[in-house]
Number of protein chains: 2
Amino acid sequence: MPESLPRGPELDKRKAYILTTIVYEYIATAEPVGSATLTQKYNLGVSSATIRNEMAELEARGYLVQPHTSAGRVPSDTGYRTYVDRLMPTESLASEESDRLRIEFARAGRAIDEIVEQATRLLSQYSQNLAVVVAPSRDRQTFRHLQLIWLADRSVLMVAVTTAGVAEQHVIEPLVDVDPDELTRASNALNRSLSGKLLAELDRAAVADALAETEPPLHASLIDGIIAGFAHARRPEERRILFGGAQHLLDQPEFRDFKKLRSILDLVEEQRTLYNVVLDSIERGESTPSVRIGGELELEDVSECSLVAIPYRMGDRSLGVLAILGARRMPYGRMMALIAATADNLSQHLTDVELP
Amino acid sequence: MPESLPRGPELDKRKAYILTTIVYEYIATAEPVGSATLTQKYNLGVSSATIRNEMAELEARGYLVQPHTSAGRVPSDTGYRTYVDRLMPTESLASEESDRLRIEFARAGRAIDEIVEQATRLLSQYSQNLAVVVAPSRDRQTFRHLQLIWLADRSVLMVAVTTAGVAEQHVIEPLVDVDPDELTRASNALNRSLSGKLLAELDRAAVADALAETEPPLHASLIDGIIAGFAHARRPEERRILFGGAQHLLDQPEFRDFKKLRSILDLVEEQRTLYNVVLDSIERGESTPSVRIGGELELEDVSECSLVAIPYRMGDRSLGVLAILGARRMPYGRMMALIAATADNLSQHLTDVELP
DNA sequence: CTTAGCACTCACTTTCCCAGACTGCTAGCG
DNA sequence: CGCTAGCAGTCTGGGAAAGTGAGTGCTAAG
C-alpha cells in the first residue's frame, strides 16, 4: 500500500487546468486522453513530457484512471466530482434554446398529467439522455373540494379535488341506504372544515371532527368509507415514475455493451430502486441541481452512469423530482442548465394551472 | 425469372410436417435448421437427403429462406403465416399459470389506470417481450354524472364522471359571476338528460338541448365552457400508450444489433405509428388475437418483428387494445394463449369496477 | 421415390502479426 | 529544480491467413 497522497484543494493552477482539459476532451470524444493530444489541441505552453509527469501525479492522487498501460487517461469519480464542484464553468442555455423550450412547454394543455408528461418528453429530447420524472406527490397537495355523489342506495362515489385537480375517486358502499341530501350535507361539512389543508393532514381524526356536528349523524360505515377514500388518495408510497428517451442510451459508446444496457433497463423496469435514488439526490429545500457521479449512486452495475436531479414545485410546495440519467461522461454544465430551466418551466406551469 | 410455383394449400402431409418442425425448432434455438438436425431430433422416417429435396422445394415455394449457401433454413413470413394459420396446435395456458395470472391481477386496486398498468406489467412479464397497451378510449365510455363546482366568482370546476370513473376535470371561466345554486341546477339538468349516453355523443347540440329549459337561462359563456369541457374529455386522438418490458428485447439474439434495437425503441418513443399499427391489427369485433408477422406490419426497420394484438372491454364496449411486440421468431401459440387470457382478466376486472 | 456418397461452399474461429498510441524513465539543459 | 528530448517498452485493435465444420446440391444406384 503506497503512502496516501494528499487529496483535495491542493491542485495547483496547472494541474487544475490539465484536469479540466482532460474531462472536457473526454466528454467530447469518449476516447482516453493522451499527453500528445493535450499539447496539440490546447495551448499549455509546456511539452508533452511535462504533461505526462503531471498526469502521473493526478493519477496517483486519484483524479485520473488509466484503462490500460498504453492508453491515455480517463477521469475517475473524484476527477469528475472536482470538475463539477470547482473547475467547470457555469453554463446557461442559449436564449434561443430556452425560448424554444418555453414555447414547446406551452403546447401541453392544462391537465397536470399532460404537463408532467410533456416535461418528461422535453427533458429527454433536449438532454439526449434518459429522463426520469417522479410524478407529483399527492399528499403534498392542498385539498380543495369534496363531492359525494349518490350512485345507488348503497353506493356512493367520492370525488376529492385538490388545487392540482382531481386527486381521487373512490366508491363507498355503506351498510345502510343513504339519500342524496344527506350526502350534500356531509360534503358541505367536510368542505367547510377541511378545505385548504394538505391531503397528508386528512386523517381519521380530521374527518371525524369535521363530521361530528352533522345532524342527523352519518352512519359509521359511510364515515369509514370517506376516511378510507382519503387514505387511498394520500398513499405516498405509490408514486408513478415516468421515463422518456431510453433510445438515446444507444448513442453512447459506453452502452455498446448489452450487459450495461440491460442493467439500466432493468433499473427502469424496477422503479423502486430508482425512485429512492432520485429522491435521495434531492436535499430538502435545495433548488439547484444535484449531481451524483458513478459510484456515488451506490448502485451496482450502473457505475458508468451519473444522475442529475432537481425538484419541481406547485406554488411553494415541492411536488416531485426531475432527473437525467446518462453516461458518467455527460456534459454536466449543459445538463444542469437544462434541467434547471425545465424545472423552472414546469413549476411555473403547474403554479399557473393551480385552482384558486 | 423461374416459372412461379404453386403456393397455398397444396402442401402434402410430409411437407407440412417438415415446415412445422422447422418453425418449431427455429423458434426454440434461433439457429437455422439443417436437414441433419431434423432427421436426428425428429422422427421423420426418411433420410436427410430426402429432407433436403423437400426443403429445396419448400424454399422454391417461398416458405423457407436460406441465410447463406452453407446454412440451414429459416422460415419466411409466408412460412410463419402458414404455421400460425394452419399448422400450429392451439395452446392454452397451464392452469397453474393462469391461476397465478388471475391472482396477480387481483393485486391491482380498483382504479382504471392502475388496472391497465398492472395488465401491461403482467403481459410483459409473462410474455418476456415488449408489451404495448392502448389505454381506454374516453369517447366510448358512458357518461354517469356531472358536477359543476363553484371555485370563485368567475371560476367553475367541471368534473365529468363516467362509469369508468372520473374522465375529466376542466376549469371554466365564465364572463359573468355565477352562484353555486345556478351551478347545481345546471348540473342536475345535464345529469337528467345526458346520463347513460356515450361521451362521444355529448356534442354541442346535446348539451344545448339539455340546458334549454333551465330558468333563468345560463350565460352563454358558461354553456360554451361546458361544451368545451366535454369536447376535451372526448378527444379521441390523444390516447395514451403504455409500454413495459423493453429490456426483454435484449435477451433475443436477433436484437443483438444496435440498429434493430434502435428502430424498435424509436418506434416506442414515437407512439403515433405504433398506435396506428396496433389499432389496425384489430378487426372490428374480433375477440381472438390477431397476428401480424414481419413485413405484414408494413413498417420499415422492424421486419424482424411480429405483433400479437387483442382488444379488451368494459362491459360490452371495446375500450382499447393489448399487444405483444417481439421477435418474429416468437412462440406464437403461447403468446396468443397468454394475451387472450390477459385480455379476459382485464376485461373482467374493468367490468367489475364499472360504476352502476 | 428414396438414399448413400461426394464435392463444394461459405461463415465462423483461431492464430498470428504488425502498426500505432501511449507511457515511464533517463539524462541533459537552462 | 523544473522542463524537455529521446527512447525503450507495453498494450490494444485490426487485418490477413488458415483451418474447421455445418450444410447443401447433385448424381447414380437401389
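FYI, side chains are in, hydrogens and waters are out, and symmetry mates aren't considered; it's all heavy atoms of this structure. To find a chain, count down the sequence lines: A is the first, B the second, and so on, and within it residues start at 1.
- For A:Arg100, there are no side-chain hydrogen bond (donor to acceptor under 3.5 Å, both in side chains) partners, not counting sequence neighbours.
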Anything under 3.5 Å between a protein N or O and an N or O of nucleotides 11-22 of chain C, put it in a table, one pair a line.
from, atom 1, to, atom 2, distance (Å)
C:dC22, O4', A:Ser70, O, 3.3

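- No salt bridge links A:Lys259 with A:Asp301; every basic N to acidic carboxylate O contact stays at or beyond 4.0 Å.
- B:Glu296 is linked by a salt bridge (Lys or Arg N to Asp or Glu O under 4.0 Å) to B:Arg81, counting only residues two or more places apart in sequence or in another chain.
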What protein N or O atoms touch nucleotides 26-30 of chain C N or O atoms at under 3.5 angstrom, if any, and at what distances?
none

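- With a heavy-atom cut-off of 4.0 Å to chain B, the contacted part of DNA chain D has its first and last nucleotide at D:dA22 to D:dG25.
- Evaluation of the side-chain contact (heavy atoms from CB on, under 4.5 Å) rule for A:Glu304 yields A:Glu254, A:Lys260 as partners, not counting sequence neighbours.
- Scored by the side-chain contact (heavy atoms from CB on, under 4.5 Å) test, B:Asp266 finds A:Gln247, B:Arg262 as partners (sequence neighbours excluded).
- Under the rule for a salt bridge (Lys or Arg N to Asp or Glu O under 4.0 Å), A:Glu270 has no partner lying at least two apart in sequence or in another chain.
- For B:Tyr83, there are no ring-ring contact (aromatic ring centres under 6.0 Å, His included) partners at least two apart in sequence or on another chain.
- Remark: B:Tyr42 engages no residue in a ring-ring contact (aromatic ring centres under 6.0 Å, His included) (not counting sequence neighbours).
- Scanning for side-chain contact (heavy atoms from CB on, under 4.5 Å) contacts around A:Pro331 gives A:Ile27, A:Arg334, A:Met335, with sequence neighbours left out.
- Under the rule for a ring-ring contact (aromatic ring centres under 6.0 Å, His included), the partners of A:Tyr332 that lie at least two apart in sequence or sit in another chain are A:Tyr80.
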